Amino acid sequence: MSQTKITSREYEELNKKASPGTKSYKTIPSAFLIGGFICVIGQALTNFYMSLGLVKDEASAVTSISLIFLSALLTGLNVYDNIAKVGGAGTLVPITGFANSVVSPALEFKSEGYVLGLGAKMFIIAGPVIVYGTLASVIYGVILWAVGLIF
Amino acid sequence: MPNRISRSTILLPNSPSILASAAVGGKKEGEGPLREDFDLLSEDTTFGEKTWEKAEMRMQMDAESRALKKAGLHPEDIDVVFAGDLLNQCISSAYSLRGLAIPYIGLYGACSTMAESLMLASLFVDGGIARRAMAVTSSHFCTAERQFRFPLEYGGQRTPTAQWTATASGCLIVGEKNEPPYARAVCVGKIGDLGIKDLNNMGAAMAPAAADTLKTFFQDTGTSPENYDRIFTGDLGQVGSDLLYELMEREGIPLKGRHDDCGLLLYDRETQDVHAGGSGCGCSAGVLCGHILKLLKNGTYENVLFMATGALMSPTSVQQGESIPGIAHLVHLSRKPQ
Amino acid sequence: MDMLLDYGKAFLIGGLLCAIGQVLIDYTKLTPARILVSYVVAGVILGGIGLYGPLVEFAGAGASVPLTGFGYLLSKGVREAVAAHGLLGAMTGGLTAAAAGITAAIVFGFLAALLFKSGDKS
């Protein structure tokens, strides 16, 4: 007896019909709202740090550190993933999402030890962000330098 | 002696009995519609252990000891155990059984393991190779997430076709013909793959194998869905079930109305946020050992087909762009012996 | 009033950048990890060609908090470092500028792992 006589392409069509689509009318607005809200918190922190006398770049860096701290705390308290269920890209794209993707494997793989678990797996999700961000910046730097030589 | 009537279908003339079964579940399973059917439900899904892997092992041990107790047997009364789970190298099974000193055969059938182990246990007893055989499996949401997806605290959104790995374990003991329910026939599934690559749509990946096993069994035995009170699939979920209907419809075997999916029975999809339904070895194991066998015992059902489905990929194969092969094994359970 | 306008702009641009990410999640097969990589690289490119700087001027945290802002930071660091040290700056500028974020993630990640455990989900 042969496999059910149906091609992969036909089956993909059936699958598309059977699979419910994402409710984008819900997910996109909530990503907008929650992502926007996180940025407003960032703005409030920046304003606060500038009122303490930090210059803009410093205030911006301290804001990032603060948001990362908050994200780490919420991740540790088992809350961030619940916000992300609603927030989607709204909790993924801000720096807090980057922090969550570093903190969550650190928590998770501590059970495999501090070195090969926590240490080795901390950047299992966020690693590519640093790798490709750094590579892109180096390429940009080399181009800048080369252009500088020519002109 | 088992009587092979085709490459896949084997009748069991001695019709071994399911002597006893036990189902253990976690918190979410305890909030679902089948809460009354479990032997043990733990609010604390760590089961008092330090790691999630140990928790799953403990859960399996609970199922084993309860099944033995209900059967009035000791580990030394069991001639062979068939066990498997989702974790790499099937550690939940190996560690849960390491203290029991029962001859052990480890299986990997992904979420089809309950049907696979029950099938082999029934064949061993029917053929006189073993007097009593144990079949056990489990899955734990947290260990499966850690291994197959993301850290638990990672903030990700599940797609609507994603399924929820059940935190549950089921164990049953098959023995020589005694009281119902009996295992009357088995059908060994073939691997089917129609090119689904989406790890978040396993129901769709497994439905073709399920359709093939069902069709084969009906043809080999000359029966049709009307001959059975209920046909249970393991964890096709909503998407996979709909696709199974569609595939069977094309073969001229309408299934709707006679079919239930364990992944859809275990949770309330409206209130429990499981998207397309439950999944995992423990899903079909818990529902079989807690729910289905109970209904067979009390006479609600006369004849039932239990077919657990499995997706045979690994994170590596998926990252390498391979599609997901599916498998489905079937066991015919009945109140009447062969 | 100015302050309120700041917040409004941060909300609007930040929200918009996240909404684009959601569109990518919903309508493409891009995994979240790929989306994050794309955002950072896009930030480096947009920063490099001089488009992202004005956006940060306009929207403040609305442009610097999303991961494109992280990419922008890398490009800004490289530009300053190349101006100061030549080719060496191409190697040092990016990570130097991003050091605060990466180090904070490592430190707080480690501390969180010491203090907390991952929990069951429902």
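In what follows, chains are A, B, ... by sequence order, proteins preceding strands, each numbered from 1. Keep in mind that what you see is a predicted model, and the values were worked out from it rather than measured.
In this structure, the portion of A/Tyr114 lying under 4.5 Å from any heavy atom of chain C is its side chain and not its backbone. Only the side chain of A/Thr22 comes within contact range of chain C, with at least one heavy atom under 4.5 Å from a heavy atom of that chain. In this structure, chain C has a heavy atom under 4.5 Å from the side chain of A/Asp81, while its backbone stays farther away. Of the two parts of A/Ser60, only the side chain, counted from C-beta on, holds a non-hydrogen atom closer than 4.5 Å to a non-hydrogen atom of chain C. Neither the backbone nor the side chain of A/Asn82 comes within contact range of chain C; no heavy atoms are under 4.5 Å apart. With a threshold of 4.5 angstrom between heavy atoms, A/Leu92 approaches chain C through its backbone and through its side chain. Of the two parts of A/Val129, the backbone and the side chain both hold a non-hydrogen atom closer than 4.5 Å to a non-hydrogen atom of chain C.
In this structure, A/Ser24 and C/Asp26 approach most closely via the heavy-atom pair OG-OD2, 2.9 Å. The two residues A/Pro128 and C/Val37 have their closest heavy-atom pair at CB-CG2, 3.6 Å.
Interatomic distance, A/Cys39 SG to C/Leu17 CG, rounded to the nearest 0.5 Å: 7.5 Å. Between C/Ile102 atom CD1 and A/Ile68 atom CD1 the span is 9.0 Å, to the nearest 0.5 Å. For the atom pair CE (A/Met122) and CZ (C/Phe110), the distance works out to 7.5 Å, reported to the nearest 0.5 Å. How far CD1 of A/Ile95 is from CG of C/Leu67: 6.0 Å, rounded to the nearest 0.5 Å.
Taking the six-membered ring for Trp, C/Phe70 and A/Phe98 have ring centres closer than 6.0 Å.
Residues C/Met91 and A/Val138 meet the side-chain proximity criterion, which asks for heavy atoms closer than 4.5 Å.
Ranked by heavy-atom pairs shorter than 4.5 Å toward chain C, the options A/Thr75, A/Leu118, A/Thr46 are led by A/Leu118.
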